[in-house]
Amino acid sequence: MFMFLSHPLDPEGYAWPGEPVVKVKQCTDVSDDCPFCSFISEVPNHCGTHMDAPRHFVKDGLSTNELPIEYFCHTEVALLEIPKGPAEGIYKEDLEPFADTLSKVSFALIRTGMEKYRDTDQNIYQNEGVYIAPSAGDYLTEEFPNLKGVGMDFLAIGSASSKCPEGELPPDCHRHMLGYYTGKFVTGVEDMHLSGIPKGAKITRFFNAPLRIKGLDSSQVVCIAEIED
């Protein structure tokens with residue numbers, strides 16, 4: 001079966017605290033005076049399910065539209081179960097048990113369980129998110145050259161929580177994954193819908209198709225997976 005692993009873009013949805021979300025305005029509707037319906041959508045590129053390319057934190061890094069097609073089409077995919085609570089980090093030691101799996105895939109999905117707060121507690125989901133610590137970013141980029149991206153069921157690579165230790169603030173987390181220090185990078189797909197994937201299911205194909213707008217550092221992605229129970 002096929003599943004969407006991206007959330008619908010919603011004017012009541014999520015972005016980094018203080019950042020804008022999608023806006024939708026209806027221009028026309030089918031009526032006696034107009035034969036068609038039309039809308040205008042204003043889509044900030046860091047709201048909802050979206051992919052961070054290196055350019056997001058690296059001045060001369062690749063933008064979404066410059067990445068090769070291999071970053072968007074995957075036949076070797078794994079779902080990693082790494083339970084975490086609000087404001088907790090994912091560290092190198094959390095990933096090490098999955099080293100053999102990570103060496104074989106081009107995309108890894110990390111399911112922490114934080115998605116349950118998306119519809120129940122906006123403050124926790126938006127302001128007390130899980131994050132990918134610098135040690136995990138270094139591990140992913142240095143040890144797994146075939147890995148193109150990591151998807152997550154929490155708001156962002158970094159967390160807006162004030163509880164984050166020094167050295168694990170949002171810029172630190174993003175920079176260690178997106179190639180700021182070494183040029184080696186793994187892209188991140190933030191705010192994914194992973195709760196519906198059956199436990200133990202095999203993901204045979206995964207696509208994270210971006211808006212192909214030139215110059216964007218990052219882009220919304222429509223994520224679709226083919227899954228075998």
Side-chain angles (χ1 to χ4, degrees), residues 6 9 14-22 43-74 77 80 89-92 94-95 102-103 105-110 126 129-161 164-192 206-223:
S6 48
L9 287 171
Y14 291 92
W16 188 261
E19 291 295 304
V21 297
V22 63
V43 186
N45 67 321
H46 288 280
C47 69
T49 304
H50 65 279
M51 179 184 194
D52 280 353
R55 181 67 179 88
H56 185 35
F57 270 80
V58 182
K59 180 69 173 175
D60 297 317
L62 295 176
S63 65
T64 308
N65 205 51
E66 295 172 318
L67 292 169
I69 192 69
E70 289 79 15
Y71 282 83
F72 307 102
C73 304
H74 310 274
V77 185
L80 312 183
I90 295 169
Y91 294 90
K92 176 183 176 182
D94 294 309
L95 297 171
L102 286 167
S103 69
V105 300
S106 63
F107 203 95
L109 304 169
I110 298 178
Q126 193 167 35
V130 171
Y131 59 94
I132 298 178
S135 68
D138 290 342
Y139 184 63
L140 292 168
T141 57
E142 293 292 333
E143 299 297 327
F144 307 105
N146 295 323
L147 188 66
K148 301 295 190 292
V150 172
M152 57 210 78
D153 66 346
F154 44 96
L155 184 68
I157 295 169
S159 175
S161 176
C164 294
E166 187 176 353
E168 296 179 10
L169 298 177
D172 302 305
C173 298
H174 284 82
R175 286 169 176 165
H176 282 263
M177 261 189 65
L178 298 179
Y180 182 87
Y181 296 104
T182 67
K184 298 177 183 178
F185 66 88
V186 172
T187 62
V189 177
E190 303 176 329
D191 190 21
M192 290 188 69
F206 173 67
F207 305 96
N208 49 301
L211 294 173
R212 299 197 67 206
I213 302 175
K214 287 187 176 181
L216 290 187
D217 63 295
S218 307
S219 171
Q220 276 76 27
V221 282
V222 176
C223 299

What's the separation between atom [atom1] in [X] and atom [atom2] in [Y], rounded to the nearest 0.5 Å?
X    : Y    : atom1 : atom2 : result
Q126 : D191 : CD    : CG    : 10.0 Å
I110 : L95  : CD1   : CG    : 5.5 Å
Q220 : E190 : CD    : CD    : 11.0 Å
L211 : N45  : CG    : CG    : 9.0 Å
C223 : H50  : SG    : NE2   : 11.0 Å

Those residues that, when tested against [X], pass salt bridge (Lys or Arg N to Asp or Glu O under 4.0 Å) (two or more places apart):
X    : result
D172 : none
D153 : none
E66  : none

Test of understanding: with side chain to side chain donor-acceptor pair (under 3.5 Å), list the residues that count as partners of [X], not counting sequence neighbours.
X    : answer
S218 : D52
S106 : H74
N65  : R212
S161 : E128

Which pair of non-hydrogen atoms, one from [X] and one from [Y], has the smallest distance, and what is that distance?
X    : Y    : answer
S103 : N146 : O-ND2, 4.1 Å
N208 : C73  : OD1-N, 4.4 Å
V22  : L9   : CG1-C, 4.0 Å
L155 : P17  : CD2-CD, 4.3 Å
W16  : G158 : CZ3-O, 3.4 Å
L178 : T187 : CD2-CA, 4.3 Å

Please tell me if the side chains of [X] and [Y] come closer than 4.5 Å, counting only heavy atoms from C-beta onward.
X    : Y    : answer
P134 : C173 : yes
M152 : M192 : no
L67  : M51  : yes
L147 : V105 : yes
V150 : I157 : no

Check: [Y] main-chain N/O paired with [X] side-chain donor or acceptor under 3.5 Å:
X    : Y    : value
S63  : R55  : no
T141 : D138 : yes
S6   : V222 : no

List in chain and number order the residues that pass ring pair (Phe, Tyr, Trp, His ring centres under 6.0 Å) with [X], two or more places apart in sequence or in another chain; answer none if no residue qualifies.
X    : value
Y180 : none
H176 : Y181
Y139 : F144

**Report entry** Residues that P20 engages under side chain to side chain contact (heavy atoms under 4.5 Å, CB included), provided they are two or more places apart
**Finding:**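 Applying side chain to side chain contact (heavy atoms under 4.5 Å, CB included) to P20 gives P44.
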
**Report entry** Contacts of P145 that satisfy side chain to side chain contact (heavy atoms under 4.5 Å, CB included) - sequence neighbours left out
**Finding:**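 P145 satisfies side chain to side chain contact (heavy atoms under 4.5 Å, CB included) with no other residue.
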
Query raised in the report: Would Y91 and E168 count as a side chain to side chain donor-acceptor pair (under 3.5 Å) if you check the C-alpha gap in whole Å, the side-chain angles of each, and the deciding distance to 0.1 Å?
Result: CA-CA 11 Å; Y91 294 90; E168 296 179 10; 2.7 Å; yes

Query raised in the report: Can you list the steps and then say if F154 with I90 is a side-chain contact (heavy atoms from CB on, under 4.5 Å)?
Result: CA-CA 12 Å; F154 44 96; I90 295 169; 3.9 Å; yes

Query raised in the report: Where does the angle between the aromatic ring planes of F185 and Y71 fall among parallel (under 30°), tilted (30 to 60°) and perpendicular (over 60°)?
Result: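 Because their plane-to-plane angle is under 30°, the rings of F185 and Y71 count as parallel.
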
